[in-house]
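Notes to accompany the following structure.
In this text, all values refer to a predicted model and were calculated from it rather than measured experimentally. Atom set for the values below is all heavy atoms of this structure, side chains included, hydrogens, waters and symmetry mates excluded.
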Amino acid sequence: MTTMQRVFGKNAAYWLIGPAALWLGLFFLVPMLSLLTTSLSDPAGSPIYGYDLTWRVQNYVEALGDYWPYLVRSLIYAGIATALCLVLGYVLAYAIAFKAGRWKTVMLVLVIAPFFTSFLVRTLSWKLILADNGWVVNTLQWLHVMSPDGRLLATPFAVVAGLTYNFLPFMILPLYASLEKIEPHLIEAAQDLYASPWKGFLNVTWKLSIPGVVGGTLLTFIPASGDYINAAFLGNPNTQMVGNKIQALFTTGGDYPHAAALSVILMVLIVAMVMVYVRRAGTEELL
Amino acid sequence: MSEVSPEESAKKGVSRRGLLIGGAAGAAGLAAFAFLNSRGGGGGTPADCVTTDLSATEKTFAFSNWPEYIDEDDGDYLSTLTQFQQQTGIQVTYTADVNDNVEFFSKVRNQLGACQPTGRDMFALTDWMAARMIQANWIQKLDKANVPNLDKNLISALQGVGWDPNRDYSAPWQSGFTGIAYNKSLVGEVRTMDELLTRSDLKGKVTMLTEMRDTMGLIMLSDGADPANFTDDDWSKALEKLSKARSDGQIRAFTGNEYITDLAAGNIAACVAWSGDVAAAEDENLVFLPPDDGMMIWSDNMLVPVQGTHKANAEKWIDFYYDPKNAALLAAYVWYVCPVAGAQQEMEAIDPTLVDNPLIFPTPEYLAQTHSFMALTEAAASSYEKDFADATG
């Protein structure tokens, strides 16, 4: 008999699942059902008088037909941001795990430090940095890297840069966690067996860090593809992501059914992509 | 080995039957919820929702207004809000959380529809949205005995509006104009909407308002159409003009009040703007002008929602701001059209340079170039709003 069963009796599992199940039921399942019923309601209703549930699947067809460019753009931006995060994050996590020595803790704190300020404030401060008359743009123009009427703010570049910046810590932390666990002796063994440093890295370090890579890419890609703050503050009307469209439909458009349908489509799309990804990465047992 | 792996113990702990029963109970609960959700969205009998007024016992009052829309304490200067608190002993919670009519509407509609308090005793919304809310029976009737100044001092131009002929439900906070603003340190004069939507030196440096009636009203005027009485053709033509400017990259963003900081910072060079914002920014590079083809006029109205529990306090507030002296103090700060007769005389003592400012006290000639947006049915409004949302988002 385990300790758990001694404390809770034979229904231990139910007691343990209970609080989380209740929480998820109340704050995940119920809103989810509200979303699903709204997505199948007749859009002829209005936010004032409510919507009638008419099982109108057509909403999904229309949402997909009208707004697919936003979905594609979101996936592309999130994909680029995730790739950038992986490159930047892997190098940094590797350095922290293997080369930082006594600076390890300080560096980890620095990675997490941005979380102490609000996401909004951090994104808005990028607006100041990238401003049309700001020092970054002025310097680039002075160096002739950028044309005199070129700009950074309100471009796809700014949106992807913002996404990369905001989600980088979510990449670094899982990478660090799995790199940190790697036994240095394994790498030494690879060297003893005449593996080149590159081969040793590929066969030992990289392979053992795959759970971190998968975890980090998921933690980056999923929120990034649904994000709308970066596109709202750093983009222009032609760089709007699906999150912006959903927000606009819910608020200014007052079109709840299509907004709900688009949300469900995004969710299903991401879940499907994640499942394929995890299966192909062969890391189901590692997650 | 007596150790049991976590998965195995979980399998033992929760039987398949237990899961099924739990799942079925959950599903039943959710089905019931779905039923409620589909029925409960709106309707009801909001007239019954009017709460008892707690003003006699609670000296508080919560007001949601637009940003940059009230004077503030500054050194020796006591703001009108502080004066109101001192005179009445009522503690005011003033929140600037209205940035867009539709957006604000979506914040409060669920509570209002379900007969629940929004935490606000009053909010200020533009004419068409005020009309929509009064229509839905979500607004309380003002007690005329408590607001003598409103009846006495409301300027004639704002009396007898179609949606509230006797001003039984609403009191204008400020009126204003929608026109063009530009930063003269960056670009030359911008006089028309066509310049704003096509001039190449403005490319990527133009913003429009998310308020459909402001943005589309001005574009229709530039086409020679009348926003107060337009056809579907006029609408489509204007919408196409807007969509083209957007896909050409001419338009940098669709915004609420926040355009003013970007205009001052030089991130945008010209935009559709509200008259008072530009003046109140006190930046000599920023210029507001009425487009050659005419500009839009509107007012924001104070409304007490049915679940506002401090109506009498709200009425004291309205009456206070319809005192010409207080109205003049406010107008001198916000630079919007003052709805209070007699404030122009009071302005002499406050700031003589503002007495003849047409943005605050417009002359009949100045008003002749203003236009309003046609009243829309609920169905037409939502169809136009959808078009507009698709063109802007």
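Heavy atoms from other residues, nucleotides or ligands lying under 6.0 Å from CE of A/M267 number more than 12. Heavy atoms of other residues, nucleotides or ligands lying less than 6.0 angstrom from CD of B/Q111 number more than 12. Within 6.0 Å of atom CD in B/Q116, more than 12 heavy atoms from other residues, nucleotides or ligands are found, so the atom counts as buried in its surroundings. Around atom OH of B/Y384, more than 12 heavy atoms belonging to other residues, nucleotides or ligands sit under 6.0 Å away. Counting non-hydrogen atoms of neighbouring residues, nucleotides and ligands closer than 6.0 angstrom, the CD atom of A/Q58 exceeds 12 such neighbours.
Of the residues considered (B/E103, B/R246, B/E385), B/R246 shows the highest number of contacts with chain A, using heavy-atom pairs under 4.5 Å. Considering only heavy-atom pairs separated by less than 4.5 Å from chain B, the leading option among A/T155, A/T239, A/N238 is A/N238. In terms of heavy-atom pairs under 4.5 Å with chain A, the best-connected choice from B/E211, B/E258, B/K205 is B/K205. When B/D201, B/D390, B/L186, B/T207 are compared by the number of non-hydrogen pairs under 4.5 Å with chain A, B/D390 comes out ahead. When the candidates A/D66, A/D132, A/D149, A/L153 are compared by the number of heavy-atom contacts under 4.5 Å with chain B, A/D132 comes out ahead. By number of non-hydrogen pairs under 4.5 angstrom with chain B, the leading residue of A/A154, A/A248, A/A21 is A/A154.
Interface remark: B/D100 contributes side-chain atoms only to the contact with chain A (heavy atom separation under 4.5 Å). B/T392 touches chain A through its backbone: at least one of N, CA, C or O sits under 4.5 Å from a heavy atom, while the side chain does not. Contact annotation for A/N244: neither backbone nor side-chain heavy atoms come within less than 4.5 Å of a heavy atom of chain B.
Minimum heavy-atom separation, B/S106 to A/F250: CB-O, 4.3 Å. The minimum heavy-atom distance between A/N133 and B/G266, with the atom names listed, is ND2-CA, 3.7 Å. For the pair B/K203 and A/R151, the tightest heavy-atom approach, listed with the atom from each and the gap, is O-NH1, 4.2 Å. Summarising the geometry of B/A253 relative to A/P237, their closest heavy-atom pair is N-CD, 3.8 Å, with the distance given to 0.1 Å.
Looking only at side-chain heavy atoms (C-beta outward), B/K386 and A/L249 stay at 4.5 Å or farther from each other.
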